[in-house]
Novice: 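I'd like to ask you about the structure that follows.
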Amino acid sequence: MARVLSPRGRRARLQAVAQLIKPNASIILDLGSGIGAVIPHLTERATAAEILAVDQSVYLLHKQKTQRMTQRSNRVISHIPELPFRAKSFDAVVAIQFLHEIFCFLGPSALSSTFDKIYDLLGEGGCLVVLDHQNPGPARIKAQLPEELHLKLVYFTKHFQPRTITFEELGDGWVRMSMRDFYDFITKIFSLGTPLEDEEMNEEHTPFLRARFVQMLQKAGFHITHNSGFTPIELHLKRFKVRVEADSPLPKRHLLVRGEKIS
Ligand SMILES: C[S@@+](CC[C@H](N)C(=O)[O-])C[C@H]1O[C@@H](n2cnc3c(N)ncnc32)[C@H](O)[C@@H]1O
């Protein structure tokens, strides 16, 4: 499961998601809610809304109960895409750093079933807001890594399971590698040597090219009303003291997309 760099960066992401919800929403579904970090932002934005948080993890939902629950929120344990709700029962659905896990662990057909299911659960005019990692593309960049990080990159190439990660040594700490491999590496460093490493080494952060992701939502019937990148990767570069040389500006780390159900 992904962790985030700083509470401030995380708060900005959660607020951006909440801002895309209509303030008069009365019932909102938080899919793959984890500990429910977005719940306070949703209740602040849609002041009369009830929030239903769904996750497969009993442990995370339990933490949610002790930390985040308000009188207007509730929790349901479910393995998505199975969702035990009636059609057209929600005004909004949010999915934050969750859908890449559906894609990586359950595959493309589970992802498209999830989109279909969400569409079915939304009433007319309802919306889905997604914030997730994005694939920055295959362009090659040069990065200069401090020695400790260089060792971690070697370790990462040996342990990351979803695909082969390669890099060229250029000397003086510089490496050349694809932007996609670099983004997966730099956003998973936090997990190396921690209990989260095993899970992180078995899933990619970057399966979604934004344009392709938007097409999948359109195919499920959604009308796209917001489509942007979010979170500069430079926050990671600064934190890990990495210098990067690239031919064009580095894409944002996340995608932020809103789709509406309009008949
Ligand atoms: C990276 S965490 C994100 C949590 C939260 N949305 C956030 O941004 O803090 C992904 C969450 O999705 C949940 N999850 C992954 N696959 C799931 C599935 N098939 N059904 C239900 N929950 C799932 C995990 O348990 C985890 O809590």
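Order of listing sets the numbers, starting from 1, for every ligand and every atom in it. These numbers come from the heavy atoms of this one structure, side chains and all, not from hydrogens, waters or symmetry mates. Everything numeric in this text was worked out from a predicted model, so none of it was measured.
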Novice: At the 4.0 Å heavy-atom cut-off, does Ala95 count as touching ligand 1?
Specialist: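 The answer is no: ligand 1 sits nowhere under 4.0 Å from a heavy atom of Ala95.
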Novice: With a 4.0 Å cut-off on N to O distance, would you call Arg180 and Glu204 a salt bridge?
Specialist: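 Yes.
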Novice: With respect to Val54, determine whether any N or O atom, backbone or side chain, lies less than 3.5 Å from an N or O atom of ligand 1.
Specialist: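 N/O-N/O distance under 3.5 Å: no.
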Novice: Going by ring pair (Phe, Tyr, Trp, His ring centres under 6.0 Å), Phe156 matches just one of Phe185, Phe182, Phe167. Which one?
Specialist: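 Going through Phe185, Phe182, Phe167 one by one, the ring pair (Phe, Tyr, Trp, His ring centres under 6.0 Å) with Phe156 is satisfied by Phe185 alone.
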Novice: Shared ILVMFWY cluster between Val76 and Leu29, side chains joined below 4.5 angstrom?
Specialist: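 Shared cluster, yes.
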Novice: So, Asp247 and Arg140, do they make that salt bridge, N to O below 4.0 Å?
Specialist: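 No, Asp247 and Arg140 are not salt-bridged.
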Novice: Counting each atom of ligand 1 from 1 as listed, which ones have a heavy atom of Glu101 under 4.0 Å away?
Specialist: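 Contacts of ligand 1 toward Glu101, numbered from 1: 1 (C), 10 (C), 12 (O), 15 (C), 24 (C).
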Novice: Could you check whether the rings of Phe213 and Phe208 sit parallel, tilted or perpendicular, using 30° and 60° as the cut-offs?
Specialist: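 Taking Phe208 first and then Phe213, their aromatic rings sit tilted (interplane angle of 30° to 60°).
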Novice: Side chain, backbone, both or neither: which part of Gln56 has a heavy atom under 4.0 Å from ligand 1?
Specialist: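 For Gln56, backbone and side-chain atoms both sit under 4.0 Å from ligand 1.
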Novice: For ligand 1, which atoms, with element, lie under 4.0 Å from some heavy atom of Gln97?
Specialist: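 So the atoms of ligand 1 that pass are 1 (C), 2 (S), 3 (C), 10 (C).
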Novice: State the atoms of ligand 1, each with its element, that fall below the 4.0 Å cut-off from a heavy-atom position in His79.
Specialist: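 Selected atoms, number and element: 19 (N), 20 (N).
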Novice: Got a salt bridge between Arg163 and Asp184, using NZ or NE/NH1/NH2 to carboxylate O under 4.0 Å?
Specialist: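 The answer is yes: the pair qualifies as a salt bridge.
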Novice: Counting heavy atoms only, which of Pro81, Gly32, Gly34 comes nearest to atom 6 (N) of ligand 1?
Specialist: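 Considering heavy atoms of Pro81, Gly32, Gly34, the nearest to atom 6 (N) of ligand 1 sits in Gly32.
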Novice: Please identify which atoms of ligand 1 are closer than 4.0 Å to at least one heavy atom of Ser78.
Specialist: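 It comes down to these atoms of ligand 1: 20 (N), 21 (C).
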Novice: With a cut-off of 4.0 Å, which atoms of ligand 1 are near a heavy atom of Phe98?
Specialist: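 Numbered from 1, ligand 1 contributes 12 (O), 14 (N), 15 (C), 16 (N), 17 (C), 22 (N), 23 (C).
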Novice: Does any N or O of ligand 1 fall below 3.5 Å from an N or O anywhere on Ile102, backbone included?
Specialist: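 Among all N and O atoms of Ile102, none is under 3.5 Å from an N or O of ligand 1.
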Novice: One thing to verify: whether Lys152 and Glu148 come together as a salt bridge, which I'm taking to mean a side-chain N less than 4.0 angstrom from a carboxylate O.
Specialist: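 Counted as a salt bridge, because a side-chain N and a carboxylate O are separated by less than 4.0 Å.
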Novice: So is there a nitrogen or oxygen of Ala37 less than 3.5 Å from a nitrogen or oxygen in ligand 1?
Specialist: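 No - when backbone and side-chain N and O of Ala37 are compared with those of ligand 1, no distance drops under 3.5 Å.
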Novice: Look only at interatomic distance and state if Asp55 has a nitrogen or oxygen under 3.5 Å from any nitrogen or oxygen of ligand 1.
Specialist: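 Yes, at least one N or O pair falls under 3.5 Å.
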Novice: Under 4.0 Å, counting heavy atoms only: does Arg10 come that close to any atom of ligand 1?
Specialist: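 Distance cut 4.0 Å: Arg10 passes for ligand 1.
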Novice: Against the six-membered ring of Phe222, is Lys261 placed for a cation-pi contact (under 6.0 Å from the centre, within 45° of the normal)?
Specialist: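 So Lys261 doesn't make the cation-pi contact.
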Novice: Could you check whether the rings of His159 and Tyr155 sit parallel, tilted or perpendicular, using 30° and 60° as the cut-offs?
Specialist: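 Parallel: the ring planes of His159 and Tyr155 meet at under 30°.
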Novice: Which of the numbered atoms in ligand 1 are below 4.0 angstrom from a heavy atom of Ser57?
Specialist: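 The list of qualifying atoms is 25 (O).
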